[in-house]
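This report concerns only the one structure given below.
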Number of protein chains: 2
Amino acid sequence: MSNLELSSSLLAGSALIRNEPVQARSTARLAALLDAAAAVIDEIGYERLTTAMVADRAGASIGTVYRYFPDRIAVLQALATRNSERLASRLAEELAPERHATPAAAMHGVLTAVADMFRHEPGYPSIRVGDVLDLRPPVSAETANGAVATMITDAFIARFGVRDSAELRGAVATAYELIDAFVARAFARNRDGDKALLAEASRVLDAVIDGKL
Amino acid sequence: MSNLELSSSLLAGSALIRNEPVQARSTARLAALLDAAAAVIDEIGYERLTTAMVADRAGASIGTVYRYFPDRIAVLQALATRNSERLASRLAEELAPERHATPAAAMHGVLTAVADMFRHEPGYPSIRVGDVLDLRPPVSAETANGAVATMITDAFIARFGVRDSAELRGAVATAYELIDAFVARAFARNRDGDKALLAEASRVLDAVIDGKL
DNA sequence: AACGCATGATCGAGTTCCGATCCATCGAAA
DNA sequence: TTTCGATGGATCGGAACTCGATCATGCGTT
C-alpha cells in the first residue's frame, strides 16, 4: 500500500469523524475546521483550545463542529492524523527514486523533511502525532513513530533494494526516533529550529546508522 | 548549588502555587493533592483528570485545591515539577562518588535511573516534565531536559574532575535527550518497559558518547 | 503554663464557562 | 417540488473556579 493514497482515506472512516462529508462544500468545511484548530493551537496550545474557538475561526457554528467531530479530543486527534498524513506524503516525496543515492543520504533527507514540517505546518510542533494526547487505552498497538519508521523502511526496500530484516527495521526505527526527539527539541524554544541542535541531530544520526543501512 | 535542596524550593516561589504553605499540615496537604493527581493520572490519563477528582482523592474540598493552584493545568505542571525534582534527587544518588568508575558508566546509570522513574513514580510516564504540556509561553528559557543535562554535567565535573567545556555540556545534553526519548518509547505501550528497546537505548548511548565523556 | 488572637487553612454552595446536544431552518441535488 | 445533507445557535449538563463563613494553629502575652 502506498502512503500517498492514505491522505484522504485515513481520516474518513475512522471513529474521529462523525459524518462522512457528502456534498463538496462540506469537505472544505472539514478542512477549514482543522485549519482553524491548527491556528488556535499554534497560538495558545492544544490544552487551552476550545470548540468555540475552532468554530469561530472557521467561520462556522458550534453545531457544525459537532456534526463532524464526536468531541473536543477527536478534533485534536483528527488534526494529529492529518499531520501524520502530511508528513507521510512529504516523506514519500523525499524518498522518491531520483532524490537520494544511498539509504544514509535518504535518512538525512528525512531529517530535513521533519524539520520542514515543524517549521511550516501550523500546529505540527504541538501535536505532530496522536501520541501526545495521553488517551487510555492507546489508540493503536504501534506508536506513531513506529508507524512512520515502518513506512520509511518499506520505501527503502522498494527504492534501494535492501533486504528486509528485523535488524533493518530496528535500525530505521531507532534512527527515526532520534530524528523526532532532536528536531522536537530544536523547535521547543525556537520557532525556526535551533541551528546547533539540528546540526547535532545530523551528527548523531550518522553515529547511529553507521554501517547499518 | 546542590540538587537535593531544590526539592522543596522549586515548586514554592513559582507561579504554579498560589499560596505558600506555612503551617505543617498544609505542606502535607499540598503533597497529598499532588499524590492524588498522580494517582488519577495513572488511572485515566491527565486529559481526563478533573479538579473534583483530585480533591476527593486527597480528602480535601474543591476550595482547597484552588487555594494552592491557580487552575487545573497548574496542578499538572506542579506535578511535572515535582517529578523533575524527584528525578534530580534520584540522579544525585546515582552520581554519588562511590557508584560509578567512569563517566560512561555513570551515564548508563542515568539510563537505569530514568527507567526506574517510569516504572515506579506514579504519573511519571504521562507527565515526566513540564515540556509535554504544551503551554505558551514556555515557562523557562531552558527545556526541562536541558536543565537535567546541566545538573548531570555539574555532577560529572565534581565527581570525575573532567574539564568543563561547551563540548562536554553538549555531549551530555545529547546523551540525555537520547535516554529520555528511548526510555519514553520503551514505556509508551508497556508498563514495565520494553526490554528490547531499553537494550537498544543502551547500545545507542554507547555509540553516541563514544570517546566524548 | 494557659490564654487570646491574628492569620493560615478549610469548606462547599454558588457562579461562570465550556463541552456537547437538539432541533428549526436553509439549500443543494434529483 | 421533494428529499435530505448541512448549518446555526439556543439550550443543557457538568466541570472549572470564586468567595465569604468557619475552623485550626501557633505565637506573643501575661
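Computed from a predicted model, the values in this text were never measured in an experiment. Just so it is clear: chains get the letters A, B, ... in the order the sequence lines come, proteins before strands, and each one is counted from 1.
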Does dA15(D) have OP1 or OP2 sitting under 4.0 Å from an N or O in the side chain of Thr50(B)?
no
Report yes if a side-chain nitrogen or oxygen of Tyr66(A) is closer than 4.0 Å to either non-bridging phosphate oxygen (OP1 or OP2) of dA20(C); otherwise report no.
yes
Within the 4.0 Å heavy-atom criterion, would you say Phe69(B) contacts the bases, only the backbone, or no part of the nucleic acid?
nothing
Identify which nucleotide among dT18(D), dC11(C), dG26(D) has an atom closest to any side-chain atom of Ile62(B), counting heavy atoms from C-beta outward.
dT18(D)
Nearest-nucleotide wise, let me know which of Ile73(B) and Ala24(B) is further upstream toward the 5' end of DNA chain D.
Ile73(B)
Give a yes/no answer on whether the side chain of Thr51(A) brings an N or O atom under 4.0 Å of OP1 or OP2 in dG19(C).
yes
Classify Asp71(A) by what it touches in the nucleic acid, base, sugar-phosphate, or nothing, heavy-atom distance under 4.0 Å.
sugar-phosphate
Phosphate-side-chain proximity, Arg18(B) and dT18(D), N/O vs OP1/OP2 below 4.0 Å:
yes
Below 4.0 angstrom, N of the basic side chain to O of the carboxylate: do Glu200(A) and Arg203(A) qualify?
yes
Salt bridge Asp154(A)-Arg169(A), side-chain N to carboxylate O under 4.0 Å:
yes
What is the distance, rounded to the nearest whole Å, between atom CG of Leu33(A) and atom P of dT7(D)?
9 Å
Residue whose nearest DNA chain C nucleotide is more 5′ - Pro21(B) or Met53(A)
Pro21(B)
Without decimals, in angstroms, what is the distance between Tyr46(A) OH and dG19(C) P?
15 Å
What is the separation between atom CG on Asn19(B) and atom P on dT7(C), rounded to the nearest whole Å?
15 Å
Would you indicate whether the side-chain heavy atoms of Leu198(A) and Phe182(A) approach each other to under 4.5 Å?
no
Is the shortest side-chain heavy-atom distance between Arg18(B) and Tyr68(B) below 4.5 Å?
no
Glu47(B) CD - dA15(D) P separation (whole Å)
15 Å
So Leu49(A), base contact, sugar-phosphate only, or nothing? Heavy-atom distance under 4.0 Å.
sugar-phosphate
Taken to the nearest whole Å, CZ/Arg72(A) to P/dA16(D) is 11 Å
With a 4.0 Å cut-off on N to O distance, would you call Glu43(B) and Arg57(B) a salt bridge?
yes
Given dC11(C), is OP1 or OP2 found less than 4.0 Å from the side-chain N or O atoms of Thr64(B)?
yes
Indicate, with a heavy-atom threshold strictly under 4.0 Å, whether Ala55(A) touches base, sugar-phosphate, or nothing.
nothing
May I ask you to say whether Asp131(A) pairs ionically with Arg185(B), meaning some side-chain N is under 4.0 Å from a carboxylate O?
no
Using whole Å, report how far CZ of Arg67(A) lies from P of dA20(C).
17 Å
Testing dT10(C), dG8(D), dT25(D) for proximity to the side chain of Gln23(B), the answer is dT25(D)
What integer distance in Å separates Tyr68(B):OH from dC17(D):P?
18 Å
Rounded to whole angstroms, how far apart are CZ on Arg48(A) and C1' on dC17(D)?
14 Å
Answer with base, sugar-phosphate or nothing: what part of the nucleic acid does Arg29(B) contact at a heavy-atom distance below 4.0 Å?
sugar-phosphate
